[in-house]
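Handing you this structure, nothing more for now.
All values below were derived from every heavy atom in this structure, side-chain atoms included, with hydrogens, water molecules and symmetry-related copies excluded. Everything numeric here is computed off the predicted structure, so don't read it as measured data. Letters go in sequence order (proteins before strands), and every chain restarts at 1.
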Amino acid sequence: MIAVKEGVGPEFVLLMLFVVSLLYFLGQARKGVHFKIRKIAGLDAVNEAIGRATEMGRSILYSTGLEVASHIATIASLTILSRVARRAARYGTRLQVPSFDPVVMTLAQEMVRDSFLQEGRIEEFSPTDIFYLSGEQFAYTAAVEGIMVREKPSTVFLMGYFYAESLLLAETGNAIGAIQIAGSDAVTQLPFFIVSCDYTLIGEELYAASAYLSGDPIIMSSLKAQDMSKAVIWVLMIVGGVAAFAGSPFFLAWMGGIS
Amino acid sequence: MKTKGPVLVAFLAGMLMISEYFLDVDWLGKMATWIQKYYIIIAAFALVIGVTSLVRLHATKIRDKNKGWGFSLVTIIGLLAMMITGLGLVSQDPESNLPLRGTDHPANLWLYDHIQVPLGATMFSLLAFFIASAAYRAFRARSPEATLLLLSAIIVMLGQVPVGEAIWDGLPQVKDWLLDNINTASKRAIMMGVGLGMVSTALKIIFGIEKTYLGGGDG
């Protein structure tokens, strides 16, 4: 007999709704339906930012944040890195990826190498440009700031999960005049990025970035599933609000299962 | 085959972790713990790769006498000092005769307390200056939105300190209202989007829709 854990019912229902809507939009994408996705200025600026580095003959600096490879924001950041790397390889622009975690460094090295390979520029790939710095928060910050000040990259990407170092990194990038695109789901750090960077991907935009940049309708179907789930949450909030005002305990008790 | 194998592994591992979250099955829990332990083992091996990368990078800078090579030398010396004292290679506990490892070694503890901690604190303290410069840019009243932000910031900052209450005793309440309603509502909206984004990214990887992490991507 397989027992279901207590209190996970609402989460399971919402997850299934997400999976069903994902499969539906995936089917639509395979039929050739074109999805309309709202413009995200920060992602539209990615090409411009890489182009700027190429024109100025300077490098691109990409930080994947201060989390480990199993952190979902780091995974999202790595998928964006792959797409940035392809464009950097296409334009022949140097891409530096200082890493906080050795597993992330290894993954980033592989992904960037593959991106250069796919662009037919494998001879221009330099594995030493994707390097490990430190697992200490401020040692990493100091090292990245040092690279920014010494090498003056034209474009800085800060994508992933950041802590107190977010403002230190973003302000240094601002001081050297780099065009900066940040993306994070760290709610407490977002204001710092918004103030100091040219473009900021707020929360879910970080996760949407890879699909958005790919332009592939199959991958973009997940964005439509997200929108559909948002609509469901919106309805649940209204129903929950009305139920709470009406004094009905059922809905709140059911949702109360979500910790 | 280059991508099919890893996609299958991601699918099986992902489904296992999801099942473990929802189902109360003993062997699923054990399998999930086993997978998580493997991550730690892989990370330990990767640390060797990381340190090798660090040493290679700085050794090249020292060898080629690149600009700032002296900093690289400091990095290598620091790495070796912490490694030698931390691994327990140079001294033993006189009572147990066991090697003194990590911060049990007095030299390692001294290096940590007198070099690493102050350096970290110095970096952290720089935040105060960066916050001032960032706040100056953010709070310039150039548009109605920026003016609103400036006013909110003044209320929140004054409401947070005793002088605010001395100016007007209702200020802390206004501050609390702003934080509990406007600020919390915005934060929750972002967090809901983040939650959906996380689920979406995880499902894309589990179902093999997103394969960029296997290398390349499509442009």
Structural part of E145(A) lying under 4.5 Å from a heavy atom of chain B: side chain
M237(A) portion near chain B, given a 4.5 angstrom heavy-atom threshold: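 The side chain, not the backbone.
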More than 12 heavy atoms of other groups within 6.0 Å of R137(B) CZ: yes
Options T79(A), L133(A), L15(A), I75(A), ranked by heavy-atom pairs under 4.5 Å with chain B, top entry: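 So the answer, after comparing T79(A), L133(A), L15(A), I75(A), is T79(A).
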Chain A-proximal positions within residues 76-85 of chain B [heavy-atom distance under 4.5 Å]: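 Listed by number, there are no contacting residues, so the answer is none.
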Pairwise side-chain contact, L109(B) with H105(B), heavy-atom cut-off 4.5 Å (strictly under):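 Contact flag for L109(B)/H105(B) side chains = no.
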Selection from A76(A), S70(A), G9(A) maximising heavy-atom pairs under 4.5 Å formed with chain B: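 Greatest number of close heavy-atom pairs with chain B: S70(A).
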Y24(A) atom OH, over 12 foreign heavy atoms within 6.0 Å: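 Counting other residues, nucleotides and ligands, OH of Y24(A) stays at 12 neighbours or fewer.
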Flag side-chain contact, heavy atom, 4.5 Å: L57(B) against Y132(A): no
Short side-chain donor-acceptor distance under 3.5 Å, Y161(A) and Q189(A):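 No, no side-chain donor-acceptor pair sits under 3.5 Å.
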Proximity breakdown for F207(B) and chain A, heavy-atom pairs closer than 4.5 Å: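 The side chain, not the backbone.
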From CA spacing to verdict: salt bridge (charged side-chain N to carboxylate O under 4.0 Å, His left out), D227(A), K230(A): CA-CA 5 Å; D227(A) 286 348; K230(A) 248 185 267 176; 3.8 Å; yes
Aromatic ring pairing F125(A)/F116(A), orientation class (parallel under 30°, perpendicular over 60°, tilted between): tilted
Best-contacting candidate, A225(A), S210(A), A208(A), A211(A), against chain B by heavy atom pairs under 4.5 angstrom: S210(A)
Positive for side chain to side chain contact (heavy atoms under 4.5 Å, CB included) with S221(A), one of L23(A), L26(A), D216(A): L26(A)
Contacting region of L168(A) [heavy-atom separation from chain B under 4.5 Å]: both
Which portion of L119(B) sits near chain A, non-hydrogen atoms under 4.5 angstrom: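 Contact with chain A involves no heavy atom of L119(B) at all.
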Within-4.5 Å side-chain heavy-atom neighbours: Y163(A) and Q137(A): yes
Partner set under side-chain hydrogen bond (donor to acceptor under 3.5 Å, both in side chains) for Q116(B), not counting sequence neighbours: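 For Q116(B) the side-chain hydrogen bond (donor to acceptor under 3.5 Å, both in side chains) partners, ignoring immediate neighbours, are E136(A).
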Option in T122(B), L127(B), T60(B), L203(B) with maximal non-hydrogen atom pairs under 4.5 Å from chain A: L127(B)
Contact residues of residues 39-54 of chain B (partner chain A; heavy-atom separation under 4.5 angstrom): Y39(B), A43(B), A46(B), L47(B), I49(B), G50(B), V51(B), S53(B), L54(B)
Contact leader toward chain A among V199(B), I205(B), L196(B), I190(B), where contacts are heavy-atom pairs under 4.5 Å: L196(B)
Chain A contact via M192(B) - side chain, backbone, both or neither, heavy atoms under 4.5 Å: side chain
Interface residues of residues 99-109 of chain A facing chain B - heavy atom cut-off under 4.5 Å: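 Residues in range: D101(A), P102(A), V103(A), M105(A), T106(A).
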Parallel, tilted or perpendicular, as decided by the 30° and 60° cut-offs, for the rings of F193(A) and F162(A): perpendicular
Close side-chain approach of I115(B) and W110(B), heavy atoms under 4.5 Å: yes
Chain A contact via L28(B) - side chain, backbone, both or neither, heavy atoms under 4.5 Å: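 For L28(B), neither part sits under 4.5 Å from chain A.
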Side-chain donor-acceptor pair present, E151(A), Q96(A), cut-off under 3.5 Å: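 E151(A) vs Q96(A): donor-acceptor pair found between side chains.
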Proximal component of R150(A), with respect to chain B [non-hydrogen, under 4.5 Å]: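 Only the side chain of R150(A) comes within 4.5 Å of chain B.
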Value rounded to 0.5 Å, distance of CD in E165(A) from CG in L66(A):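 Result: 4.0 Å between the selected atoms.
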K37(B) to W34(B), cation-pi by 6.0 Å centre distance and 45° axis angle: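 Judged by the rule, K37(B) and W34(B) form no cation-pi pair.
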Toward chain B, the part of A69(A) with a non-hydrogen atom under 4.5 Å: both
Best-contacting candidate, V4(A), I80(A), L78(A), L167(A), against chain B by heavy atom pairs under 4.5 angstrom: L167(A)
Part of L117(A) lying under 4.5 Å from any heavy atom of chain B: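 For L117(A), no heavy atom lies under 4.5 Å from chain B.
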Contact class of L190(A) relative to chain B, heavy atoms under 4.5 angstrom: side chain
No-hydrogen, no-angle side-chain donor-acceptor test under 3.5 Å, T74(A) and E67(A): no
Exercise: identify the closest heavy-atom pair between A89(A) and R121(A): O-CD, 3.4 Å
Top contributor to chain B interface from V195(A), I202(A), T128(A), L206(A) [non-hydrogen pairs under 4.5 Å]: V195(A)
Contact class of V112(A) relative to chain B, heavy atoms under 4.5 angstrom: neither
Full working for salt bridge (charged side-chain N to carboxylate O under 4.0 Å, His left out) between E119(A) and R87(A): CA-CA 9 Å; E119(A) 284 298 319; R87(A) 286 168 202 203; over 6 Å; no
Nearest heavy-atom neighbours spanning S196(A) and Q180(A): O-NE2, 3.3 Å
Heavy-atom side-chain contact between I18(B) and I206(B) under 4.5 Å: yes
Toward chain A, the part of E20(B) with a non-hydrogen atom under 4.5 Å: both
Salt bridge (charged side-chain N to carboxylate O under 4.0 Å, His left out) assessment of E11(A) paired with K5(A): CA-CA 11 Å; E11(A) 285 164 276; K5(A) 282 184 186 168; over 6 Å; no
Over 12 non-hydrogen atoms of neighbours within 6.0 angstrom of CZ in F22(B): yes
Whether over 12 other heavy atoms sit under 6.0 Å from M17(B) CE: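 Atom CE in M17(B) is crowded, with more than 12 foreign heavy atoms closer than 6.0 Å.
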